[in-house]
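Worksheet for the structure shown next.
Position 1 is the first residue of the sequence, and the numbers go up from there. When a ligand or atom number is given, it counts from 1 through the structure's own listing order.
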Amino acid sequence: MGLQLGDEAPDFTAMTTEGMITFHEWLGEGWGVLFSHPKDYTPVCTTELGYMAKLSDEFTKRNCRVLAMSVDPLESHRGWIKDINETQHTTVNYPVIADPNRTVANLYGMIHPNADDTMTVRSVFIVGPDKKVKLMITYPASTGRNFDEILRVLDSLQLTADFQVATPVNWQRGEDCIIVPAVPDEEVPAKFPKGSTTIKPYLRYTPQPDRQDKQLVS
Ligand code: BEZ
């Protein structure tokens, strides 16, 4: 059985463009995004790593560290990052793991032999402060990912870790949330002081709760 949501994210020590990293220690008490790309010096990957560099401040604001990887060696990453910076008008400001022995790729099931038996697929993992896997997505080599979506999911994960809400389709930060069915109607006014709207007994909305009225999820 491969890695699943809720499993502990496998720990590893790996060489990166910013030195050796031991994953769990490097994450500290915060969140993390680990994402693989198929191959250095390829066009779609170039756009992806460049875009992630432009977004990385947003991840930092959310106490989330970003870590890229592929099975290419360190010298390849170093040369390619110069190209990314030049062509994408940015500075790659997060580490990229060099995993030529496929240690991390195998731990995270990033090589899908029926798609390609040497390159990693486009995997994304979000890891919570408890080191558990909160999100896994897999894209084929031919399709660049939407990193705004990863940020959107992180917003949802962080909100729903703090409040008894879930986020509806296409939700964006600041929009109304759904009160989880486990909250009895009689507890709604106290738990959601901004108010609520009941469409069906199982479909209740509330404005996005704020950190200052933080409630414990229970
Ligand atoms: C790319 O990043 O452009 C790419 C990588 C591997 C296979 C196909 C495309």
Side-chain angles (χ1 to χ4, degrees), residues 2-5 7 9-10 12-21 23 26-27 31-60 62 64-127 133-155 157 170:
L3 203 55
Q4 297 188 320
L5 295 185
D7 290 352
F12 56 81
T13 298
M15 181 53 81
T16 80
T17 50
E18 297 183 9
M20 290 293 273
I21 279 178
F23 188 47
W26 180 78
L27 287 174
W31 294 72
V33 172
L34 170 67
F35 70 104
S36 58
H37 62 272
K39 200 168 167 42
D40 292 359
Y41 293 103
T42 51
V44 176
C45 301
T46 300
T47 62
E48 285 190 326
L49 271 77
Y51 194 81
M52 190 51 138
K54 291 176 187 169
L55 262 194
S56 69
D57 280 355
E58 292 300 320
F59 284 93
T60 304
R62 291 159 174 81
C64 181
R65 302 194 83 175
V66 170
L67 183 56
M69 69 142 287
S70 79
V71 296
D72 295 288
L74 200 59
E75 283 319 304
S76 167
H77 286 343
R78 290 209 166 112
W80 180 46
I81 283 171
K82 288 184 193 151
D83 282 4
I84 297 171
N85 293 344
E86 176 196 329
T87 62
Q88 307 305 302
H89 312 291
T90 189
T91 301
V92 172
N93 49 5
Y94 51 83
V96 184
I97 297 172
D99 190 37
N101 298 326
R102 305 183 182 187
T103 309
V104 180
N106 288 334
L107 279 174
Y108 281 81
M110 290 165 165
I111 293 179
H112 296 197
N114 290 328
D116 189 291
D117 58 9
T118 55
M119 298 188 300
T120 43
V121 289
R122 297 187 197 280
S123 295
V124 185
F125 296 86
I126 296 184
V127 178
V133 175
K134 307 294 182 185
L135 168 90
M136 302 164 55
I137 61 171
T138 307
Y139 274 48
S142 52
T143 305
R145 287 159 286 195
N146 182 336
F147 285 101
D148 295 323
E149 167 65 1
I150 310 304
L151 195 60
R152 189 190 76 89
V153 178
L154 179 63
D155 281 338
L157 285 168
N170 293 348

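Looking at residues two or more places apart in sequence or on another chain, you find a side chain to side chain donor-acceptor pair (under 3.5 Å) between R62 and E58, D155. Remark: T143 engages Y139, P140 in a side-chain contact (heavy atoms from CB on, under 4.5 Å) (not counting sequence neighbours).
Using a 3.5 Å distance cut-off with no hydrogens or angles, the side chains of T46 and W80 do pair a donor with an acceptor.
D7 places no side-chain N or O within 3.5 Å of a backbone atom of L3 that could act as its donor or acceptor partner.
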Could you pull out the N/O contacts under 3.5 angstrom between ligand 1 and the surrounding protein atoms?
unit_1: ligand 1; atom_1: 2 (O); unit_2: T42; atom_2: OG1; d: 3.0
unit_1: ligand 1; atom_1: 2 (O); unit_2: V44; atom_2: N; d: 3.2
unit_1: ligand 1; atom_1: 2 (O); unit_2: C45; atom_2: N; d: 2.8
unit_1: ligand 1; atom_1: 2 (O); unit_2: R122; atom_2: NH2; d: 3.1
unit_1: ligand 1; atom_1: 3 (O); unit_2: P43; atom_2: N; d: 3.3
unit_1: ligand 1; atom_1: 3 (O); unit_2: V44; atom_2: N; d: 2.7

Show me the donor-acceptor pairs, under 3.5 Å and distance only, between side chains in residues 64-76 and residues at least two apart or in other chains.
unit_1: R65; atom_1: NH1; unit_2: W26; atom_2: O; d: 2.9
unit_1: S70; atom_1: OG; unit_2: H37; atom_2: NE2; d: 3.4
unit_1: S70; atom_1: OG; unit_2: D40; atom_2: OD1; d: 3.4
unit_1: S70; atom_1: OG; unit_2: D72; atom_2: N; d: 3.2
unit_1: S70; atom_1: OG; unit_2: D72; atom_2: OD2; d: 2.8
unit_1: D72; atom_1: OD2; unit_2: D40; atom_2: N; d: 2.9
unit_1: E75; atom_1: OE2; unit_2: R78; atom_2: NH1; d: 3.3
unit_1: S76; atom_1: OG; unit_2: D40; atom_2: OD2; d: 2.7

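At a threshold of 4.5 Å between non-hydrogen side-chain atoms, the residues K54 and V92 do not count as touching.
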